[in-house]
Amino acid sequence: MARCAVFLALALSLTACGKAERDAAPGTAPVTRTTDEDASAAFRNVHDGVAYVGDDACFSCHEDLWRGYQTHGMARSYYPLSPERVAETTPGGPLLHPATRLTYRVFKQDGHAYQEEYRLDAAGRKTHSLVRRMDFVVGSGNAARTYLTQQGGRLYELPLTWYAQARKWDFSPGYRQSNGRFDRLIPDGCMACHNSYPTSVPFVRGKYEHVPNGIGCERCHGPGGLHVEERLATPEPDGDLDDTIVNPRHLPLERQLDVCQQCHLHGAVSVERDGRGPFDYRPSTPLSAHQALFALDAPGPSDRIAVISHAERMKRSACFQGALGSARPMTCVTCHDPHEGFRDKGPAYFNQTCLTCHTPESLPAALASDEARRTHTATANCMACHMPRVEAEDAPHSSFTDHWIRVVEQGGGLPEPAVAHTPGALLPYFERDERGPEAAVYAGMAYVVLGKQRPDTSLVRKGVALLEEGLKDHPGQAEARLLLGVGHMALRQPARAIPPLEQAVQIDPDNPEYLYGLAGAYEAARRDPAVIVRLYQRALAIQPAMAQTRVNYGRFLDAQGRLDEALVQYRQAADEQPWLDVAHFNLGTAYLRQGDAARAETELLRAVELNPDYVEALDNLGLLYADQGRLDAARQRFEQAVAAAPNNPTALGNLGTYYLNAGHLSRAIDLLSRAVEAQPTYLNGLVNLALAHFRNDDLAQARRYAQEALRVDPANALAQEILAAR
């Protein structure tokens, strides 16, 4: 995200004018703007305590603007999918995801649209099927539409996206690299740029009590409660500036751009400032006070473009730089009226903006060749040459206008697509994160986040080192201390994770995420179980809907021999989040240990239904069926486990043991040998491999593996028996 400028070859005198300005009455004086320092102070509605009122409250006084905005892409950035709003060609697919061997398709049934995940065996029979209804649409559809499904208040992204420009279905962004299947929950950070202000369930990823439809007026103007209250009491404000509502037109240039850049600014990692949340940004305040943004300094061409980097590209333009300091500097709204849709108006709509400065009369004198003069006419498409459309790596099958306005050399000069997941250093976007007092803190947080996402322990290690140094002089910073603890845990350093996690809990003792993180570190360090129980209980008392926390609490209770109490936690987790496969697996395994075969089978089958490659669930189902004498069913589950994880020692060992018991010794020896190669200390694998060789009359090999087993467990009776046999 380099920020150097290349001067436009058309060396004209620039005074940019926006579309909104062209509609003003002749002779209107330039807007008087506040300075950057007092921008937020000028508007009273951005301070704490002012309520959001929603778009309907704007309608009665601003009907024309309200109706015009409904045609804008931002107003259509999120909405329920209904039959009358389906623009996609259905059905779609099938699309095979090679890495997971899962196939996806879109189909309609009973007036609803669905996505199905399934798998076929070698004979073409469907061995797995999972269907999710397409409930909501994310995206205006100008480039693409991605779909969400809802269950119990939780929103999950679906694997297939409709790419409008190519008019085709394909995997949603990122799904080819890492198939999130139907499990990718929508966090507040994603919702923040596709919607107004939902009512989130605190500390629960992807769960919402209420979600509005689309980006609303208050995202750009700030909370409207004060404005509604005062304008209903007194229709006209005192003076020229209504300070009860932010009007971005009255802001200094950088604060105007920040209003748009709260969503339209690209970075590899974005970290919220201490004490800030995804919905805390207020128009007129510096975006840098809300978040720390980091770009990835990946090797390769510097002219990269990504979907949400338009404002940064514009700032490199000579048009933008030439208008700096003028009464009407160039901003996003110079070309994009935020109160009306423009996608269907064609190039002429935007070309008129160019012609306000680059008039047909002035162009001939500025152009060097006759050919250039012939092509630069009043009806020419300026954008086709000076703002070409290019593809972006993070949005397949979609092209976007490059907002770096310049002369693009014929045959070259177009920006390269953004490269995803390329190793490199993180570069801070805001100056305060380059050399400010907290620069190391936010850089460290960003590296830990990126390292966990990849995953890449070298990035985590770099983040931990920065945080260790940066936090020495900065009290508070609870979230940074949490990430420092998370980083140490990722590096398998629980003892070093405990101090920052304890500090995070001391700073905010009512944050269940901090309590949960500390409980996990105490567990890994084998601290007092009673203290760990209290931490889990406190976390769940604050937020009972944290299903994964409840699963981990149940697992801890289970490890302490408190199986009945663990079952209660697993059950509550599965009831709270029915699509959480690990909750059903733990339930099934607990029932299996209790001898409740019927309930165990039900829960384990549910886990496998949710995740056909859940190796542990497949293995436990196989063991259950083998114990019941259902040997064919057991073999099928063991084979599925090996197919899902060909190098998993337990899966190989269970299938090998099945064949050992069935008398297929060569097959058993092959599988058990692979198991102990994958894990040389795998006790059951070693013992059963020794037994398989013994039954195959290969006493030397039998003794060899029996001795290996005794190194792991000197008291193993079967290994001793094999060694004693002659």
Side-chain angles (χ1 to χ4, degrees), residues 121-123 127 585 588-605 607-608 612-726:
D121 63 14
T127 61
F585 167 73
T589 302
Y591 284 135
L592 191 62
R593 290 168 54 203
Q594 281 192 334
D596 191 336
R599 287 185 176 180
E601 181 178 14
T602 297
E603 297 298 337
L604 291 170
L605 284 172
V608 171
D613 295 328
Y614 203 144
V615 174
E616 293 81 4
L618 291 165
D619 272 333
N620 283 358
L621 270 173
L623 293 171
L624 171 64
Y625 293 151
D627 188 59
Q628 294 176 332
R630 300 159 63 183
L631 298 183
D632 283 344
R635 176 184 52 78
Q636 289 174 11
R637 294 304 181 180
F638 291 145
E639 287 178 344
Q640 285 179 293
V642 170
N647 296 316
N648 183 288
T650 304
L652 291 165
N654 283 339
L655 184 57
T657 302
Y658 167 85
Y659 281 116
L660 173 62
N661 291 332
H664 300 294
L665 297 180
S666 60
R667 181 71 175 133
I669 289 170
D670 174 63
L671 288 161
L672 291 166
S673 296
R674 288 166 56 191
V676 298
E677 286 171 8
Q679 184 180 330
T681 58
Y682 176 33
L683 180 61
N684 286 346
L686 290 166
V687 172
N688 287 337
L689 182 55
L691 181 60
H693 281 300
F694 183 84
R695 290 180 179 176
N696 201 40
D697 295 327
D698 190 340
L699 298 183
Q701 288 290 74
R703 292 177 63 82
R704 172 193 168 189
Y705 287 108
Q707 289 169 345
E708 292 292 330
L710 289 173
R711 289 191 182 95
V712 178
D713 177 16
N716 188 273
L718 181 56
Q720 291 174 344
E721 186 178 345
I722 291 171
L723 283 175
R726 292 290 184 268

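Between Glu601 and Leu624 the shortest heavy-atom distance is CB-CD2, 3.6 Å. Looking at every heavy atom in both residues, Val615 comes nearest to Ala644 through CG2-CB, 4.1 Å. Between Ala617 and Val608, the shortest heavy-atom contact is CB-CG2, 3.7 Å. Looking at every heavy atom in both residues, Phe694 comes nearest to Ala702 through N-CB, 3.6 Å. The shortest heavy-atom contact between Ala690 and Ala706 is CB-N, 3.6 Å. Across every non-hydrogen atom of Leu723 and Arg703, the tightest pair is O-NH1, 3.0 Å.
To the nearest 0.5 Å, atom CZ of residue Arg599 and atom OH of residue Tyr591 are 4.5 Å apart. Here the CG atom belonging to Asn684 is positioned 12.0 Å from the CG atom belonging to Leu691, to the nearest 0.5 angstrom. Taken to the nearest 0.5 Å, the CD atom of Glu708 stands 8.0 Å off from the OH atom of Tyr705. Here the straight-line distance linking atom CD1 of Ile669 with atom CG of Asn696 works out to 4.0 Å at 0.5 Å rounding. Between the CD atom of Gln701 and the CG atom of Leu689 there is a distance of 7.5 Å, given to the nearest 0.5 Å. In this structure, OH in Tyr658 is found 12.0 Å from CG in Leu671, a value given to the nearest 0.5 Å.
Checked against His693 for a side-chain contact (heavy atoms from CB on, under 4.5 Å), the options Asp698, Leu672, Leu699 give a single hit: Asp698.
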- Task: Run the numbers on Phe638 and Leu618 for side chain to side chain contact (heavy atoms under 4.5 Å, CB included), then give the verdict.
- Result: CA-CA 7 Å; Phe638 291 145; Leu618 291 165; over 6 Å; no
message = Walk me through whether Tyr659 and Leu655 qualify under side chain to side chain contact (heavy atoms under 4.5 Å, CB included).
response = CA-CA 6 Å; Tyr659 281 116; Leu655 184 57; 3.6 Å; yes
List the steps and the verdict of side chain to side chain contact (heavy atoms under 4.5 Å, CB included) for Val642 and Asn648.
CA-CA 7 Å; Val642 170; Asn648 183 288; over 6 Å; no
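Between Asp121 and Thr127, the side chains place no donor N or O within less than 3.5 Å of an acceptor N or O (distance only, hydrogens not considered). Side chain to side chain, Asp619 and Thr650 fail the donor-acceptor criterion of an N or O pair below 3.5 Å.
No donor-acceptor distance shorter than 3.5 angstrom exists from the side chain of Gln707 to the backbone of Ala719, with no hydrogens or angles considered. Between the side chain of Arg674 and the backbone N or O of Gly656, no donor-acceptor pair lies under 3.5 Å.
Residue Glu721 qualifies as open at atom CD: its count of foreign heavy atoms under 6.0 Å is 12 or below.
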